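One structure is given below, encoded as structure tokens.
Below, chain A is the first sequence line, B the second, and so on; all start at residue 1. None of the values given here were measured: they were computed from a predicted structure.
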Number of protein chains: 2
Amino acid sequence: MSDLLERLRGRGWRLTAQRRVVAEVLDGDHVHYTADEVHALATERLPEISRATVYNTLGELVSLGEVLEVSTDGRAKRYDPNAHHDHQHLVCSRCGTIRDVHLQGDPLSALPEPERYGFEVSEVTVTYRGLCPTCSGHHA
Amino acid sequence: MSDLLERLRGRGWRLTAQRRVVAEVLDGDHVHYTADEVHALATERLPEISRATVYNTLGELVSLGEVLEVSTDGRAKRYDPNAHHDHQHLVCSRCGTIRDVHLQGDPLSALPEPERYGFEVSEVTVTYRGLCPTCSGHHA
DNA sequence: ATCCTACATTGGACATTGTCTAAGTCAAGA
DNA sequence: TCTTGACTTAGACAATGTCCAATGTAGGAT
């Protein structure tokens with residue numbers, strides 16, 4: 001996502017210090033921050049940035065398809081910059097850590113036609129849950 | 001789930017009017033209410049029931065494994081009484097309708113060992129999204 | 001049948017997450 | 001450099017969920 005800013009500018013995105021900082025915070029393939037975490041990290045680089053702008057910018061990045069919105073639990077949504085490689089998530093039920101994982105086969109094909117009830121199915125998300133190595137050690 | 005109350009009593013659940021009403025509201029296989037919806041419906045039968053009790057009772061039913069918690073979007077969680085038949089969900093991206101669906105094969109097997117990163121994977125949820133027949137008609 | 005008491009319920013304050021708006025600020029083209 | 005429409009801001013507001021002290025009650029004990 002190193003040339004994200006270039007791509008966005010090409011699409012007529014007005015480049016501001018705030019937007020640059022949010023994009024920089026999200027840069028990195030294994031990052032799944034909440035909006036508040038993004039805000040906290042952005043604040044380190046640009047102390048005046050407001051919560052509203054972080055929410056706005058994240059929403060725009062999602063609309064532009066540059067970042068994915070992930071809501072694993074009922075808590076805060078997380079933002080996943082790895083939008084250009086198809087993947088799913090593996091979540092630790094104890095500590096909440098998220099890892100990107102890659103599946104064998106297309107999960108869409110696991111849903112038979114008669115189970116589609118006339119829907120135009122266009123998307124599927126698969127979330128695996130379990131204990132991560134660290135957490136499963138705790139209670140052994 | 002007709003004998004849910006029996007089962008719960010057998011487990012030492014103290015049966016109160018409030019708990020009975022919440023369980024009755026959830027009775028039905030194709031129901032995916034939010035806590036607020038459950039509260040509204042419960043209030044029709046037992047006007048004094050409080051929000052806190054609805055939340056408490058739903059939480060207990062989930063802990064007891066009698067009801068599933070489903071959070072499809074980042075909005076309110078929904079409660080699914082169909083906890084004894086393995087199934088997944090198909091959600092309309094426009095109106096939010098949820099249908100239970102049954103998959104071919106076990107989605108757990110789609111995650112190769114090297115993609116498990118040492119996790120003890122115990123659960124998988126699959127959510128299909130698309131337009132339901134009614135909503136896909138709208139924009140045709 | 002009545003009493004006890006541990007457990008359940010209640011209302012309302014509080015917490016978290018997210019949205020909206022009016023007023024001020026600024027990036028970038030002319 | 002100037003202008004202008006888009007961006008940012010603070011803070012009010014909304015939606016959802018949690019917590020607590022006071023009160024009520026289901027169900028076993030008597």
Side-chain angles (χ1 to χ4, degrees), chain A residues 5-26 32-43 45-64 66-80 96 98, chain B residues 5-25 32-43 45-64 66-80 96:
Chain A
L5 295 177
E6 279 311 313
R7 263 183 284 142
L8 292 175
R9 178 139 48 187
R11 298 213 223 168
W13 218 48
R14 190 146 142 191
L15 190 48
T16 66
Q18 291 84 349
R19 287 175 169 184
R20 187 197 317 274
V21 167
V22 168
E24 283 171 3
V25 166
L26 284 178
H32 300 90
Y33 293 135
T34 64
D36 259 7
E37 287 167 350
V38 172
H39 181 228
L41 291 165
T43 297
R45 307 189 192 200
L46 186 65
E48 330 81 73
I49 193 171
S50 74
R51 261 175 16 105
T53 295
V54 171
Y55 276 100
N56 287 342
T57 305
L58 290 172
E60 285 155 13
L61 290 172
V62 170
S63 296
L64 291 168
E66 297 290 348
V67 162
L68 298 175
E69 213 172 48
V70 181
S71 43
T72 39
D73 48 5
R75 312 294 309 278
K77 290 175 192 161
R78 293 180 173 273
Y79 294 87
D80 180 348
I98 300 181
Chain B
L5 295 178
E6 278 312 313
R7 261 182 285 143
L8 293 175
R9 177 141 46 186
R11 296 213 224 169
W13 218 47
R14 192 145 141 188
L15 189 48
T16 67
Q18 291 85 346
R19 287 174 169 184
R20 187 198 316 275
V21 166
V22 169
E24 283 171 3
V25 166
H32 301 88
Y33 294 134
T34 64
D36 259 8
E37 288 166 349
V38 172
H39 182 228
L41 292 165
T43 298
R45 307 190 192 199
L46 186 65
E48 329 83 73
I49 192 170
S50 75
R51 260 175 18 104
T53 295
V54 171
Y55 276 101
N56 287 342
T57 304
L58 289 172
E60 285 155 14
L61 290 172
V62 170
S63 296
L64 292 168
E66 296 291 347
V67 161
L68 298 175
E69 212 171 50
V70 181
S71 43
T72 38
D73 48 5
R75 312 295 308 279
K77 291 175 192 159
R78 293 181 172 273
Y79 294 88
D80 181 346

side-chain contact (heavy atoms from CB on, under 4.5 Å) filter on A/Leu8, not counting sequence neighbours, yields A/Leu4, A/Trp13, A/Leu61, A/Leu64, A/Glu66

Salt bridge (charged side-chain N to carboxylate O under 4.0 Å, His left out) with A/Arg75: which residues, sequence neighbours excluded? none

Which protein N or O atoms sit under 3.5 Å from an N or O of nucleotides 18-22 of chain C?
from   : atom 1 : to      : atom 2 : distance (Å)
C/dG18 : OP1    : A/Lys77 : N      : 2.9
C/dG18 : OP2    : A/Tyr55 : OH     : 3.1
C/dG18 : N7     : A/Arg51 : NH1    : 3.4
C/dG18 : N7     : A/Arg51 : NH2    : 3.3
C/dG18 : O6     : A/Arg51 : NH2    : 3.3
C/dT19 : O4     : A/Arg51 : NH2    : 3.2

Spatial distance of atom OH (A/Tyr33) from atom NE2 (A/His39) [nearest 0.5 Å]: 15.0 Å

Using salt bridge (charged side-chain N to carboxylate O under 4.0 Å, His left out) as the criterion, list what pairs up with A/Arg51, not counting sequence neighbours. none

Salt bridge (Lys or Arg N to Asp or Glu O under 4.0 Å) pairs touching residues 33-42 of chain A, sequence neighbours excluded, are A/Glu37-A/Arg78

Partner residues of A/His32 under the ring-ring contact (aromatic ring centres under 6.0 Å, His included) criterion, sequence neighbours left out: A/His89

Sequence-distant partners of A/Arg14, side-chain hydrogen bond (donor to acceptor under 3.5 Å, both in side chains), two or more places apart: none

Could I get the full list of salt bridge (charged side-chain N to carboxylate O under 4.0 Å, His left out) partners for B/Arg20, not counting sequence neighbours? none

Who are the side-chain hydrogen bond (donor to acceptor under 3.5 Å, both in side chains) partners of B/Ser50, not counting sequence neighbours? B/Thr53

Reading DNA chain D from 5' to 3', where do the contacts with chain B start and stop? Cut-off is 4.0 Å to heavy atoms. D/dA15 to D/dG27

Please enumerate all residues that pass side-chain contact (heavy atoms from CB on, under 4.5 Å) together with A/Thr16, with sequence neighbours excluded. A/Gln18, A/Arg19

Nucleotides 24-30 of chain C: which of its N/O atoms have a protein N/O under 3.5 Å away?
from   : atom 1 : to      : atom 2 : distance (Å)
C/dC26 : O2     : A/Arg14 : NH2    : 2.9
C/dA27 : O4'    : A/Arg14 : NE     : 3.4
C/dA27 : O3'    : A/Leu15 : O      : 3.3
C/dA27 : N3     : A/Arg14 : NH2    : 3.4
C/dA28 : OP1    : A/Leu15 : N      : 3.3

